[in-house]
Amino acid sequence: MIRTHYSTQITPEMDGSSVTICGWAHEIRDLGGITFLIVRDREGLAQVTLFKKTIDKNVLDIVRGLSRESVVAVTGQVKKEAKAPNGYELVPMSVTVLGKAESPLPMDTTGKVDADLDTRLDVRFMDMRRPGTKAIFRIRHLVLKSVREFLDREGFIEIITPKIVATATEGGTALFPMTYFEREAFLNQSPQLFKQLMMSGGFDRVFEIGPIFRAEEHDTRKHLNEAISIDTEASFLDHEDVMVILENLIVYVYSNVAERGTEYLKTLGMELKIPDLPFKRITYDEAVDIVRDSGEQIEWGDDLTTESEHTIGKTIGEHYFIVDWPTKIKPFYALPYENKPEICRAFDLMHPRMELSSGAQRVHSYELLRSRIEEQGLYADGFDFYLKAFRYGMPPHSGWGLGLERLIMTMLGIENIREVVLFPRDRRRLSP
RNA sequence: GUCCGGAUAGUGUAGCGGCCUAUCAUGAGGGCCUGUCGAGCCCCCGACCCGGGUUCAAAUCCCGGUCCGGACGCCA
């Protein structure tokens, strides 16, 4: 390929050597006798300096005729220069236009003029060129990488389960229907049932990072119709055990981002505070008390409202778990306590701003599971493919699902979940 | 889905009955300038979401639509 270096790989010590950089014409500053071309590539900016007196006329004409955001390859000599950003500049031998940009641009990439999120999402390819947006997605990559590293070390095996499914699975959320040849099918809301099958399959510990689809018509800054879920399931562990794995994962991810993502955090102008272990555990009953103390009405057995979540979040002030939920507001696969079946071994992991994850020890008895499905008003025969796995040796197991976008947005203090998804899908947006 | 707010050059905004031939920034086009780094200076270009109504007069007020933002609900 033509590129020899990224902008950040060039140092003043390389003075005199010849390099080729490839990138976008970020800015062209023509001062008359001297012209600066700022080339931006994935990693940063490089200054190309053209002295009118000594530069090849053709090269100068190309640079002067360049439109902002055109793609160029610049071959030139590195010159150590204290006056230049990064301590070096490039004196070009040749400048080639590889992709001309039209003008005017649909949005500004230099940070001089803001753009609404809606405008930015319409031209996400151009929004990606801004340092702040780029930083978010570089961090997103670090998060995904850290999750895989951590879970791999904990003995989890990565799996991928189908997204096109035959039946509405867990109840609760609405599903997107679709046509599968001559049959009706749905986009899966969660890998829950499949990862449980893997427990019967003897994989012991599995995880999946993949899309989940929810057909809810919600319209908020923390919901998406297509999101990425980090899902785990582990045999021979109870809900307490997988909560420990979850909180350790969160801290591992934060630490990794703080350590390897310093540059991106700096771009976003933030300092990352790594949460302390262990996270606080409060019971659902205690959560209800906090809500009642604040004056909000809540019945035992109600799910927490947004207001309640905020109240509790403010009271606790850091990551926390809510445990021992009423059985009736948790899915059928959450295991009720033997001695007190109205509550179950389910937990939610909360950030002060919102819920990040929910999990539970699962029902692994075939008979109990079947009756739980029916109690929740679902049709057990529709779960045949799932229930079968509980009849031939299913170990006790537990697991959780963690929303990747919520993890990132709460970590980075980002207000709108759409900021952390390249091409978000919400009630209105289907393109790009 | 309910409630509240909004829609003005490519982008982000000011104006909220007549002072609007619509503000400012950025940008585009032209010019000057040898150290810019959000370069500077001069000239110039470009906009009131759609439909109806009120009024002597509407960007501005009213009604409907569309789109956008926020809160809540649903949901994770």
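Since this is a predicted model, take the numbers as computed values, not measurements. Chain naming here is simple, since letters A, B, ... match the order of the sequence lines and numbering starts at 1 in each.
- For B:rG27, one of the phosphate oxygens OP1 or OP2 lies less than 4.0 angstrom from a side-chain nitrogen or oxygen of A:Lys112.
- Using a cutoff of 4.0 Å between basic side-chain nitrogens and carboxylate oxygens, A:Glu286 and A:Arg292 are not scored as salt-bridged.
- Using a 4.0 Å cut-off between charged nitrogen and carboxylate oxygen, A:Asp118 and A:Arg429 count as a salt-bridge pair.
- Residue contacts for A:Ile212: at a heavy-atom cut-off of 4.0 Å it reaches no nucleic acid atom on any strand shown.
- Here A:His26 lies out of heavy-atom contact (under 4.0 Å) with every strand.
- For A:Ile34, the side-chain atoms get nearest to B:rG35 when compared with the rest of B:rG35, B:rC72, B:rG69.
- The shortest distance between the side-chain N/O atoms of A:Thr35 and the OP1/OP2 oxygens of B:rU34 is not below 4.0 Å.
- The base of B:rC75 is not paired with the side chain of A:His218 by any donor and acceptor separated by under 3.5 Å.
- Using a 4.0 Å heavy-atom cutoff across all strands shown, A:Asp348 reaches no nucleic acid atom at all.
- Among the protein residues, A:Pro85 comes within range of the nucleic acid bases, having at least one heavy atom under 4.0 Å from a base atom.
- Residue contacts for A:Glu307: at a heavy-atom cut-off of 4.0 Å it reaches no nucleic acid atom on any strand shown.
- Not one side-chain nitrogen or oxygen of A:Arg428 sits closer than 4.0 Å to the OP1 or OP2 atom of B:rC67.
- Across all strands shown, A:Asp303 has no heavy atoms under 4.0 Å from either base or sugar-phosphate atoms.
- Between A:Arg221 and B:rA71 there is a side-chain N or O to OP1 or OP2 distance below 4.0 Å.
- Counting any heavy atom pair closer than 4.0 Å across all strands shown, A:Lys330 reaches no nucleic acid atom.
- Spacing between B:rU2 and B:rA58 at atom C1', rounded to whole Å, works out to 32 Å.
- Residue-to-nucleotide contacts include no donor-acceptor pair under 3.5 Å from the side chain of A:Glu27 to the base of B:rG38.
- Residues A:Leu98 and A:Val72 are not in side-chain contact: their nearest non-hydrogen atoms beyond the backbone lie 4.5 Å or more apart.
- Distance CE (A:Met107) to P (B:rU26): 17 Å, rounded to an integer number of Å.
- A salt bridge links A:Glu318 with A:Lys280: at least one charged nitrogen is closer than 4.0 Å to a carboxylate oxygen.
- Look at A:Asp219 and A:Arg428 and you find a salt bridge, because one of the NZ, NE, NH1 or NH2 atoms lies within 4.0 Å of a carboxylate O, short of that distance.
- Close to B:rG70, at under 4.0 Å from its OP1 or OP2, lies a side-chain N or O of A:Asn416.
- The separation of B:rA9 from B:rC49, taken at their P atoms, amounts to 7 Å, rounded to a whole angstrom.
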